[in-house]
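Excluded from the calculations below are hydrogen atoms, water molecules and symmetry mates; all remaining heavy atoms, backbone and side chain alike, are included.
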Amino acid sequence: ARELLNTLKPGLRGWEYGHLMCRSVMRDFDELLTLKGHSAMVSSVAFSPDGKRLASGSYDNTIKLWDMATGNELLTFKGHSAGVSSIAFSPDGGRMISGSGDNTIKLWDTITGKVLLTLKGHSAWVVSVAFSPDGKRLASGSTDKTVKLWDAVTGKDILTLKGHSDLVSSIAFSPDGTRLTSGSRD
């Protein structure tokens, strides 16, 4: 089917092409694991840098860490008082950050599951979090329409970026860590 779809000239490819191509590609993947354990919607997932673990953040206020070889639950991270909307591993995999509806970012030890830092500064739900490529800084985006840059060791609020007129739904560092981009509903 994919070969036939690819014979269409680009100018003749509409939404149907994209839909059918996506369905064709999806058939190439087999389900490897189904991980069950959260009691509410899973809102964010992230692979560890080595690909051996998977973290899942949920509206049940927890994060679970899973072994990707066995599908076994390794740890449950508890500490947020509202749903977890975003998670990210540090580049070395030893730490993880999470953003939540409790307006905080938590920095976790991925071996012990203990909270290392709780970062406060947003006035509303933290929707997106990211580590810089060197692991020295964190960034967060919130429904308060701001992006914050934090020191990943001290938890100090380094910079607040204002400019969006609606919630900040996504953030990402450039590969060299010199730029930060944000996406919004505005």
- Task: Say whether L159 and L180 are linked into one hydrophobic cluster, either directly or through other cluster members, by side-chain heavy-atom distances under 4.5 angstrom.
- Result: yes

- Message: Can you list everything that forms a side chain to side chain contact (heavy atoms under 4.5 Å, CB included) with S39? Sequence neighbours excluded, please.
- Response: D60

- Message: Taking ring pair (Phe, Tyr, Trp, His ring centres under 6.0 Å) as the definition, give me every residue that meets it alongside W125, ordered by chain and number, with sequence neighbours left out.
- Response: Y59

- Pairs meeting criterion salt bridge (Lys or Arg N to Asp or Glu O under 4.0 Å) with involvement of residues 95-106, two or more places apart: none

- Message: The criterion is side chain to side chain contact (heavy atoms under 4.5 Å, CB included); which residues satisfy it with T178, sequence neighbours excluded?
- Response: S174, D176

- Item | Any pair counted as salt bridge (Lys or Arg N to Asp or Glu O under 4.0 Å), so long as it reaches residues 131-155, sequence neighbours left out | K148-D157

- Does T146 use its side chain to pair, donor to acceptor, with the backbone of L161 at less than 3.5 Å? no

- Task: Verify the cluster assignment for V84 and L107: are they in a single hydrophobic cluster under the rule of side-chain heavy atoms below 4.5 Å apart?
- Result: no

- Can you get from M96 to V115 by hopping between Ile, Leu, Val, Met, Phe, Trp and Tyr side chains that sit under 4.5 Å apart? yes

- Query: Looking at CD1 of I87 and OG of S43, how far apart are the two atoms once the value is rounded to the nearest 0.5 Å?
  - Reply: 7.5 Å

- Nearest-0.5 Å distance that lies between atom OG in S44 and atom CD1 in I63: 8.5 Å

- Message: So, taking the atom named CG in D67 and the one named CG in L74, what distance separates them when rounded to the nearest 0.5 Å?
- Response: 5.0 Å

- Message: Filter on ring-ring contact (aromatic ring centres under 6.0 Å, His included), then keep only pairs touching residues 61-111, sequence neighbours left out; what's left?
- Response: F77-W108

- Note on the structure: Rounding to 0.5 Å, atoms CG (L75) and NZ (K114) come to a distance of 9.5 Å

- Message: Looking at G93, is its backbone amide N or carbonyl O close enough to the side chain of T110 to form a donor-acceptor pair, meaning the two atoms are under 3.5 Å apart?
- Response: yes

- Message: Tell me whether N61 contacts the main-chain N or O of G83 through its side chain, where contact means a donor paired with an acceptor under 3.5 Å.
- Response: yes

- Can L119 be reached from L116 by stepping across I, L, V, M, F, W or Y side chains whose heavy atoms are under 4.5 Å apart? yes

- Message: Return the NE2 to OG distance between H38 and S58, rounded to the nearest 0.5 Å.
- Response: 5.0 Å

- Task: Please lay out, stage by stage, how H122 and S140 fare under the test side chain to side chain donor-acceptor pair (under 3.5 Å).
- Result: CA-CA 9 Å; H122 284 290; S140 57; 2.7 Å; yes

- Task: For S170 and S128, indicate whether the former's side chain and the latter's backbone hold a donor-acceptor pair under 3.5 Å.
- Result: no

- Task: Could you tell me which residues satisfy salt bridge (charged side-chain N to carboxylate O under 4.0 Å, His left out) with D166, sequence neighbours excluded, listed by chain and number?
- Result: R185

- Task: With sequence neighbours left out, write down each residue that passes side chain to side chain contact (heavy atoms under 4.5 Å, CB included) with K36, or none if nothing qualifies.
- Result: T34

- Partners meeting ring pair (Phe, Tyr, Trp, His ring centres under 6.0 Å) with W150 (sequence neighbours left out): none

